[in-house]
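Working notes, beginning with the structure itself.
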Amino acid sequence: MNTRNARVIKEQALKGLNTILMALASLLLLSPMIWMISTSFKKAKDVFTYPIQWIPLDPVWTNHIKVWTAGDGFLPFYLNSLKISVILMIGAPLLAAFAAYGFSRIPFKGRNVIFLLYLCLMMIPQQVLFVPKFIMFDWMKIYNTHWALILPGLFTVFGVFMIRQFFMSIPHEISEAAFIDGAGHFRIFWQLFLPLSKPVLATFAIIDFTWTWNDYENALIFLLDKKLYTVPLGMQNFMLEAGVDYNMMMAAATAGVVPLLVVFFLGQKYIIQGFSSSAVKG
């Protein structure tokens with residue numbers, strides 16, 4: 001009995017130690033974000049005071065108000081980013097699921113070879129594609145429009161790979177039983193596979209939203225009009241106008257992070273489940 005109690009106490013002590021270590025590591029990783037939020041409520045003279053004031057002694061809200069009201073304001077940039085990000089968050093997982101179903105459940109000659117070549121696209125740096133994209137978008141008359149960001153974003157190699165791995169883990173007996181009952185591929189995909197794949201679809205939707213919201217290079221190259229700018233370009237424009245006003249810069253950065261935090265906290269329960277289920281089969 002004493003041995004059992006000692007083992008229980010030891011396990012609890014190790015669990016408590018692990019919890020403390022993980023909490024300290026999390027605090028260390030979050031410290032830049034904490035400093036960013038703290039600085040956004042400081043006056044300019046208090047930004048670089050030492051020791052660091054993690055909690056401002058005299059917090060001000062004017063920095064956050066000026067972000068939305070000064071100059072062009074952040075609202076147009078927010079609306080543009082939300083428009084593009086939401087469209088891709090819905091469209092990209094759906095199209096990736098269609099392709100993943102074809103690669104996982106529809107037998108055709110050369111399927112594995114084609115999928116391998118498709119995966120090779122992940123090794124191509126995106127910067128190499130900027131010139132071909134520019135020529136193509138100019139020919140299609142969508143250069144300097146949001147379609148230049150939406151259309152390429154609808155097709156993602158990573159999404160197809162991730163969802164295919166999940167589809168491969170679904171027993172073949174389920175689809176075979178559906179075939180016996182007279183269901184076709186589209187019905188099986190829509191009524192069986194999509195409901196079963198909610199965790200992985202939600203996970204990829206969150207990842208795609210994050211990618212799109214933070215996309216700076218594509219927006220910089222394919223958008224010229226300021227009225228079309230997304231949040232990353234809007235932040236750059238705001239920083240150029242604000243100069244060395246670091247508290248204003250941190251207020252703008254805090255405003256840009258809020259949607260990502262909201263989306264993450266709303267869908268966090270799906271992330272681990274989605275990644276673990278996608279790794280069941282290779």
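Since we're looking at a predicted model, the values are computed, not measured.
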Problem set entry | Heavy-atom side-chain proximity of Asn214 to Leu260 below 4.5 angstrom | yes

Exercise. For the rings on Phe222 and Phe134, is their centre-to-centre separation under 6.0 Å?
Worked result: no

For this session: Report yes if some heavy atom in the side chain of Leu233 is under 4.5 Å from a heavy atom in the side chain of Phe77; otherwise report no.
Result: no

Exercise. Less than 4.5 Å apart, any side-chain heavy atom of Val200 and any of Phe167?
Worked result: no

Exercise. Between the side chain of Asn144 and the main-chain N/O of Leu223, is any donor-acceptor distance below 3.5 Å?
Worked result: no

Seminar exercise, completed: Besides Val113, the hydrophobic cluster formed by Ile, Leu, Val, Met, Phe, Trp and Tyr side chains linked at under 4.5 Å, directly or via other members, contains Leu117

Problem set entry | CH2/Trp147: more than 12 non-hydrogen atoms of other groups inside 6.0 Å | no

Exercise. So do Phe186 and Phe98 actually touch side chain to side chain, heavy atoms under 4.5 Å?
Worked result: yes

Problem set entry | Donor-acceptor side-chain pairing of Glu217 and Gln127 below 3.5 angstrom | yes

For this session: Please check if atom CZ in Arg187 has more than 12 non-hydrogen atoms from other residues, nucleotides or ligands closer than 6.0 Å.
Result: no

Exercise. Okay, side chain of His146, backbone of Asn80: is any donor-acceptor separation there less than 3.5 Å?
Worked result: no

Exercise. Is it true that atom CE of Met136 has more than 12 heavy atoms of other residues, nucleotides or ligands lying nearer than 6.0 Å?
Worked result: no

Exercise. Does the side chain of Phe103 come within less than 4.5 Å of Asn112's, by heavy atoms?
Worked result: no

Exercise. Would you call Leu151 and Met140 a side-chain contact if the rule is heavy atoms closer than 4.5 Å?
Worked result: yes

Exercise. With a 4.5 Å heavy-atom cut-off, do Ile84 and Trp213 have their side chains touching?
Worked result: no

